[in-house]
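Below is one structure, written out as structure tokens, with a few remarks after it.
In this chain, residues are counted from 1 in sequence order. Remember, predicted model here, so these are calculated numbers, not experimental data.
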Amino acid sequence: MYEALQDSRPQRQKLMKLYSEQIPASVRPILAGDHTIWPRPEAVTLQERTIEHCCTAVPGNRPIGIGQGYSTIAWIPEESGSWALPLRHERITSWQTPIEKAAWQLRQVCCELPVRPISLWDCEYGCAPFVLKTADIPADKLMRLRSNLCLWTAPPPYGGKGRPRKHGQKFKLNDSSTWGEADEHLEVDDPKLGLQRIRLWSNLHFRGAASHPMQLLRVERIEPRRAGCLAKPLWLAWIGEKMPPLSQLWQLYLRRFAVDHWYRFAKQRLHWTLPKLSTPKQCERWSDLMPLMSWELWLARDIVADNPLPWQKSIPKLTPGRVAQAFAGILAAIDTPARPPKPRGKSPGWPQGQSRQPRTRYPLVKKGSNRVIKRRNKSA
């Protein structure tokens, strides 16, 4: 099995085209992108281990882990639920950043889609570098922003002297005195989340991407349905051609969380991070099977019968876990194309007198930073 993972060559581009053919062209597809870590803290003989972001439940610990990062861009087929179907799921190499990998994946996916998609991104991608790298990609972007960012309004009209200004007034997300009057205002009573207040400001931009204006939204929960669940306001940025109505746009971002559900499903149910593979190629080949299995479950959801465990209730709308739980009936019906194994005798074992060499150990790769550190001259 390990040699098969090392020698196989899956056609990722052809698989992505096959996946894209299953997406209906009648509606705009909703894409979601994110990245996660395959933790390998003790695999000292594995090449290209890097320091990746990893959530921790221990207070005070740094949210980092040692392993390999994987970037995913998936199609979200339903308005609610945990279905996320990856179109590309690839390793982030040691000379790439998650933003560079996500931009490249989005470009590859948009080349196969007949309709301009809407892509959803977390706050790590809500920055000027990601906006610049995806500016020429035919896809609309809805990004979450960190609450400590500083945006800029449109510059005033040119006065006729000097260089024209690129930026206007500051717009600090954590300082309400710099916001100004909102262009649109809406209050929505959601049956699950309660009363929501939505405000929209137009024609804002990042300092490093002044030529790419965006629409800024602030979603604030006023009256929650349950006591004690008043969350922080949600800041969203829209960059695209035609923005959906304000009453639909704030709910559109909630579909991005299906990618997090798929990561948990791949790691727990599909055993993505279970094998202790020894080379990056083996890890990539094994990871290529995760989208393939997810699409097989999606296509089989209408032909399987729900097979709940004794402590589970029957549900009309099957989740990925329920389909995987009932998939054994399909495997029993179609049988396997593999031939039965043949006895090949006993292995001769390791030759006597031949010394064993320990495997090569590789150091941890630390990615460099592009930030310029300003050194202050110390006064005498």
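By the 4.5 Å heavy-atom criterion applied to side chains, Leu249 and Pro245 are not counted as neighbours. Pro280 places a side-chain heavy atom less than 4.5 Å from the side chain of Gln68. With a 4.5 Å cut-off on side-chain heavy atoms, Lys141 and Phe130 count as touching. Looking only at side-chain heavy atoms (C-beta outward), Val365 and Trp95 stay at 4.5 Å or farther from each other. Residues Gln196 and Val219 meet the side-chain proximity criterion, which asks for heavy atoms closer than 4.5 Å. Residues Trp201 and Glu184 have side chains not in contact (no heavy-atom distance under 4.5 Å, counting atoms from C-beta outward). At a threshold of 4.5 Å between non-hydrogen side-chain atoms, the residues Ile315 and Arg322 count as touching. By the 4.5 Å heavy-atom criterion applied to side chains, Glu112 and Gln13 are counted as neighbours.
Note: the hydrophobic cluster containing Val27 does not contain Ile23 (ILVMFWY, side chain heavy atoms under 4.5 Å, direct or indirect links). In terms of hydrophobic clustering, with Ile, Leu, Val, Met, Phe, Trp and Tyr side chains grouped at heavy-atom distances under 4.5 Å, Leu85 and Ile303 are assigned to a common cluster.
For the pair Arg256 and Trp121, the cation does not sit on the ring face, since its NZ or CZ is not both under 6.0 Å from the ring centre and inside 45° of the axis.
Annotation: Glu3, atom CD; neighbour count of heavy atoms from other residues, nucleotides and ligands within 6.0 Å does not exceed 12. Enclosure of atom NZ in Lys267 by more than 12 non-hydrogen atoms of other residues, nucleotides or ligands within 6.0 angstrom is indicated. Counting heavy-atom neighbours within 6.0 Å of Gln169 CD, excluding the residue itself, gives a total of 12 or less.
Residues Asp190 and Gln251 have side chains that bring a donor and an acceptor to within less than 3.5 angstrom of each other.
The distance from atom CD1 of Ile118 to atom CD1 of Ile30, rounded to the nearest 0.5 Å, is 4.0 Å. A distance of 13.5 Å separates CD of Glu187 from OG of Ser247, quoted to the nearest 0.5 Å.
Nearest approach of Ile76 to Ala84, heavy atoms of both residues: CD1-CB, 3.8 Å. Of all non-hydrogen atoms in Arg40 and Pro275, the two that sit nearest each other are NH1-O, 4.4 Å.
Salt bridge status for Arg144 with Glu124: absent, with no side-chain N to carboxylate O gap under 4.0 Å. Ion pair Glu241/Arg116 flagged as a salt bridge, since at least one NZ, NE, NH1 or NH2 atom sits closer than 4.0 Å to an Asp/Glu carboxylate oxygen.
Between Tyr263 and Trp272, the ring-plane angle classifies as parallel under the 30° and 60° cut-offs. Under the 30°/60° scheme for interplanar angles, the aromatic rings of Trp298 and Trp75 are found to stand perpendicular.
Among His167, His212, His205, the single residue meeting the ring-ring contact (aromatic ring centres under 6.0 Å, His included) criterion with Trp152 is His167.
Under the ring pair (Phe, Tyr, Trp, His ring centres under 6.0 Å) criterion, Trp238 pairs with no residue at all, not counting sequence neighbours.
Ring pair His89/Tyr70: centre-to-centre distance below 6.0 Å.
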